[in-house]
Amino acid sequence: MQETLNPPVKPAAAPASSSSTSAVTRDTPAIEFNNVSCRFISPDGKATVALREFSMSVARGEFVAIVGPTGCGKSTTLSMITGLLKPTTGSVRVMGQPVNGIDPRIGFVFQNDAVFPWRSVRDNVAAGPLFRGQSKTAAYALADQWIRKVGLDKFGDHYPHQLSGGMRKRVALAQTFINGPEILLMDEPFSALDMQTRTLMQDELLQLWSSTSGSVVFVTHDLEEAIALADRVFVLTARPATLKSVYTIDLPRPRVMSEIRYEQRFIDISREIWNDLRDEVKIG
């Protein structure tokens, strides 16, 4: 069902001894785009507008998916959240503060495997805590916990080239979740996997996310994937992209990926969003 572009207002918290400042902090969105435009200048001086007056708000603990035509600027939004790109106009805020460089509270899962090929699974997963200053004993103990959580406890001493694509993606999830990100950005992380493995990884992601309080922004070309995973789906227009529509996905959780696609409500939502997205794909 289509809704307004602003996220729903959360119910007011019950009175407590905490100050009004903490209440404001809890209600502050995890991510805010306010009338953002992003323009690139090519070496020959030609200007390309990737985003135009784009606004989006993501609540804390919310899972949102972004869909749109190829090349419309979906991945550009993630780059601006991380601080790798700055908006030409408008503002991007994370946890209420303007984005200013790389934020350690943000985790990123890429389309391609971002594992160190010369390191074992255990060494790969422990790398984040070690980099953040944990002792070797603590980092590897935590790595062992996350390796078990993603079902790779028998493969801790294996190297990436010895693993299947799905197993390497499990390593990438463990690498990210071990750092306890408050915001998780995912750029088509499962697109290279076969359908069976992809379905298993989607279930794995939902289980890991449900055990945390983090927010997720998931970019995908797969409309069914977006609907099955997300609380809300943001539809972007063809380039220069702006926000066309926002859909609330009122499917109950927990969700099982192999089952939910056959529910009538899922089919109805998919048809509704595709009718909205189809025109943009034709333009794109």
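L185 and F190 fall into different hydrophobic clusters, where Ile, Leu, Val, Met, Phe, Trp and Tyr side chains are chained together by heavy-atom contacts under 4.5 Å. A single hydrophobic cluster is not seen to contain both V67 and L229; linkage of ILVMFWY side chains at heavy-atom distances under 4.5 Å, directly or through other members, places them apart.
Between D103 and R105 there is a salt bridge, since at least one side-chain N of the basic residue sits less than 4.0 Å from a carboxylate O of the acidic one. Between K169 and E204, none of the side-chain N atoms (NZ, or NE/NH1/NH2) sits under 4.0 Å from a carboxylate O, so this pair counts as no salt bridge.
Listed for the T220 side chain is a donor-acceptor partner under 3.5 Å among the backbone atoms of D222. Side-chain atoms of N179 never come within 3.5 Å of backbone atoms of P181 as a donor-acceptor pair (strictly under, hydrogens ignored). With hydrogens and angles ignored, the 3.5 Å screen pairs no side-chain donor or acceptor of S270 with any backbone N or O of F266. No donor-acceptor pair closer than 3.5 Å links the side chain of R119 to the backbone N or O of A127. At distances below 3.5 Å, at least one donor-acceptor pair connects side-chain atoms of R168 with backbone N or O atoms of L163. When atom types are taken as modelled, the side chain of D187 and the backbone of Q111 share no donor-acceptor pair closer than 3.5 angstrom.
For CG of N100, the number of neighbouring non-hydrogen atoms (other residues, nucleotides, ligands) closer than 6.0 Å is 12 at most. By the neighbour-count criterion of 12 heavy atoms within 6.0 Å, atom CZ of F40 is densely surrounded, having more than that number from other residues, nucleotides or ligands. Annotation for R39: atom CZ does not count as buried by contact number, only 12 or fewer foreign heavy atoms lying within 6.0 Å.
Among residues two or more places apart in sequence or in another chain, the side-chain hydrogen bond (donor to acceptor under 3.5 Å, both in side chains) test is passed with D194 by T197.
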I would like to know whether E53 and T242 meet side chain to side chain donor-acceptor pair (under 3.5 Å); could you show each step before the answer? CA-CA 6 Å; E53 297 179 356; T242 191; over 6 Å; no

Could you go through residues 210-219 and list every donor-acceptor pair under 3.5 Å that involves a side-chain atom there, pairing it with any protein atom two or more places apart or in another chain?
unit_1, atom_1, unit_2, atom_2, d
S210, OG, L206, O, 3.2
S210, OG, Q207, O, 2.8
S211, OG, L208, O, 2.7
T212, OG1, W209, O, 3.0
T212, OG1, G214, N, 3.4
S215, OG, A59, O, 3.0
S215, OG, G61, N, 2.9

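Aromatic ring orientation, F108 versus F110: parallel (interplanar angle below 30°, classes split at 30° and 60°).
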